[in-house]
Amino acid sequence: MKGRAALCLLALVTLGSAPALPKYRLQAIPQLHYDEGQELWQLDRRVMACSYCHVKDTGGAPWNPFGQAIQAEFQASGGKAKFPQVLHSLLKADRDSDADGYPDALEVFARTLPGDPASRPEESLTELRVAFEASGGTERYAPAARR
């Protein structure tokens, strides 16, 4: 009987953590190559925290400037585009959502937060852009079907 109770408790704990793994986060991590070298990337919120797109560390409203830019891209597509295409389109646009002087794609490449002006790459804009272009530029973030 104790075994069943433990199993039920484990199931409840597992089900309770499911909302922490939203669909868009699970799509973005491999598209942005944040899963490389991270065997348990789906379970590690440090790989891509909710604050990547949200103001709060717990997610939900409100959205930070990068999250708002993603929403605007969805709206611009008439709601017909899928998330990987929206993300790629936003990064190709070379916008700086948080107005910190670094375009979103370069912040993604440097693994800083494109929606937080206090989170900036350590490299100069020129150095980072050279390394980014050498790595394939925004095409490295193209949806899997287009790679």
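What you are looking at is a predicted structure, and each value in this text was computed from that prediction instead of being measured.
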Derivation and outcome, side chain to side chain contact (heavy atoms under 4.5 Å, CB included), residues L32 and M48: CA-CA 10 Å; L32 302 177; M48 178 182 272; 3.5 Å; yes
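- D100 and P117 get closest at one heavy-atom pair: CB-O, 3.7 Å.
- Inter-residue side-chain proximity for P62 and K56 is flagged as met; some heavy-atom pair is nearer than 4.5 Å.
- Side chain of H33 to main chain of R140: a donor-acceptor pair is present (N/O by atom type, distance under 3.5 Å, no hydrogens or angles).
- In terms of heavy-atom proximity, Q31 sits nearest to P143 at NE2-N, 4.0 Å.
- From D94, atom CG reaches atom CG of L106 across 7.0 Å, with rounding to the nearest 0.5 Å.
- Considering L125, L91, V108 in turn, L125 is the only one that fulfils the side chain to side chain contact (heavy atoms under 4.5 Å, CB included) rule with P103.
- Rounding to the nearest 0.5 angstrom, the gap separating the CG atom in L113 from the CZ atom in F66 is 10.0 Å.
- Here the side chain of Y34 pairs no donor or acceptor atom with the backbone of A28 at under 3.5 angstrom.
- For the pair D44 (side chain) and Q38 (backbone), a donor-acceptor distance under 3.5 Å is absent.
- Under the 3.5 Å distance criterion, the side-chain polar atoms of H88 are matched with a main-chain donor or acceptor of T138.
- A salt bridge is defined here as a Lys NZ or Arg NE, NH1 or NH2 lying under 4.0 Å from an Asp or Glu carboxylate O, and D104 with K92 fails to meet this definition.
- From C53, atom SG reaches atom CZ of R25 across 11.0 Å, with rounding to the nearest 0.5 Å.
- Between the side chain of T112 and the main chain of R120, no donor-acceptor pair closer than 3.5 Å is present.
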List, one per line, each side-chain donor-acceptor pair under 3.5 Å for residues 68-75, sequence neighbours excluded.
residue : atom : partner : partner atom : Å
Q68     : NE2  : W63     : O            : 3.0
E73     : OE1  : S89     : OG           : 3.0
E73     : OE2  : R95     : NH1          : 2.7
E73     : OE2  : R95     : NH2          : 3.1

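- Side-chain atoms of P30 and W41, non-hydrogen and from C-beta on, do get closer than 4.5 Å to each other.
- Atom-to-atom distance recorded for R129:CZ and F109:CZ is 12.0 Å, nearest 0.5 angstrom.
- The two residues A105 and F132 make their nearest non-hydrogen contact at CB-CZ, 3.8 Å.
- Nearest heavy atom pair, residue P84 against residue Q27, reads CD-OE1, 3.9 Å.
- The backbone N or O of S124 sits less than 3.5 Å from a side-chain atom of E127, completing a donor-acceptor pair.
- Here E139 contributes atom CD and E133 contributes atom CD; the two are 10.0 Å apart, rounded to the nearest 0.5 Å.
- Judged by distance alone, with hydrogens and angles left aside, the side-chain atoms of D98 form a donor-acceptor pair with the main-chain N or O of D116 at under 3.5 Å.
- With contacts defined as side-chain heavy-atom distances shorter than 4.5 Å, the pair Y141/L87 does not qualify.
- Taking each heavy atom of S119 and E107 in turn, the nearest pair found is O-OE1, 2.8 Å.
- One N or O on the side chain of N64 and one on the backbone of Y52 form a donor-acceptor pair closer than 3.5 Å.
- Among all heavy-atom pairs drawn from G59 and C50, the shortest one is N-CB, 3.6 Å.
- Within 6.0 Å of atom CD in E36, more than 12 heavy atoms from other residues, nucleotides or ligands are found, so the atom counts as buried in its surroundings.
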